[in-house]
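Below is one structure, written out as structure tokens; the observations come after it.
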Amino acid sequence: MSVSVDVNASVERTWAVVTDWAAQGAWIPMTTVRPEADSPSGLGARLVARTGFGPVAIVDPMEVDVWAPPRRCEVVHRGRIVTGRGVFEVNELPGGRSRFTWQEIPETAGLQGALERLGTPVTRWALGVAARRLARIAAASPHDS
């Protein structure tokens, strides 16, 4: 599943907001993201996202395995609950604008695949909310990163 949003900011500015891991909580609902302490910042970065409230949260360890700034970043989800791939793409639009696309490609095998399919409407809603928030943040920020 994927969502896209047009952003009133340059590709470079949008990329900077998208890949500021520690600040992703400002645009991804109910989520905090932290890079692991000894992790690089680009290819090979290891991140842990936590989505939810208090004890009712999903922990999502992931690793960046495709890094092509300022256009594409892919992660592999390495958790027990969230599996598969996440893809961020930023494409140029006329007038110094950009388009952000977020795609989640869940594993489809077994129980995890069935649970992912049950959660699809909620996931689609959350991705849409996140994409719109990201667009507002990138547009409101200085355009020269």
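This chain uses plain numbering: 1 for the first residue, then up along the sequence.
- Contact check for V18 versus W102: no side-chain heavy atoms found under the 4.5 Å cut-off.
- The only option from R132, E104, Q103 that meets the side chain to side chain contact (heavy atoms under 4.5 Å, CB included) definition with L127 turns out to be E104.
- Counting only distance, with no hydrogens or angles, the side chain of S98 and the backbone of A9 share a donor-acceptor pair below 3.5 Å.
- Looking at heavy atoms from C-beta onward, D60 lies out of side-chain contact with T51 at the 4.5 angstrom threshold.
- Both V3 and M1 belong to a common hydrophobic cluster when Ile, Leu, Val, Met, Phe, Trp and Tyr are linked at side-chain heavy-atom distances under 4.5 angstrom.
- Hydrophobic clustering keeps I28 apart from V48 (ILVMFWY residues linked when any side-chain heavy atoms are closer than 4.5 Å, directly or through intermediates).
- With a 4.5 Å cut-off on side-chain heavy atoms, V76 and R85 count as touching.
- Atom CD of residue E89 and atom CD of residue E74 lie 7.5 Å apart, to the nearest 0.5 angstrom.
- The shortest side-chain heavy-atom distance between L93 and V7 does not fall under the 4.5 Å cut-off.
- The two residues R13 and A138 come nearest to each other via the heavy atoms CG-O, 3.8 Å.
- Within the model, atoms OG1 of T14 and CZ of R71 stand 10.5 Å from one another, a figure rounded to the nearest 0.5 Å.
- Here the shortest heavy-atom pairing between V5 and A131 reads CG1-O, 3.3 Å.
- Of all heavy-atom pairs between V33 and A49, the closest is CG2-CB, 4.0 Å.
- Residues V90 and L43 share a hydrophobic cluster, clusters being chains of Ile/Leu/Val/Met/Phe/Trp/Tyr side chains in contact below 4.5 Å.
- Within the 4.5 Å cutoff, the side chain of M62 has no heavy atoms near those of the V82 side chain.
- Rounded to the nearest 0.5 Å, atoms CZ (R78) and CZ (R46) are 10.0 Å apart.
- When the side chains of ILVMFWY residues are joined at heavy-atom separations under 4.5 Å, either directly or via intervening members, I105 and L47 end up in two distinct hydrophobic clusters.
- Put simply, the side chain of T31 gets close to the backbone of P29: a donor and an acceptor are under 3.5 Å apart.
- Across all non-hydrogen atoms, the minimal contact from S39 to A45 is OG-CA, 3.0 Å.
- Between F88 and W27, the ring-plane angle classifies as tilted under the 30° and 60° cut-offs.
- By the 4.5 Å heavy-atom criterion applied to side chains, V64 and W21 are counted as neighbours.
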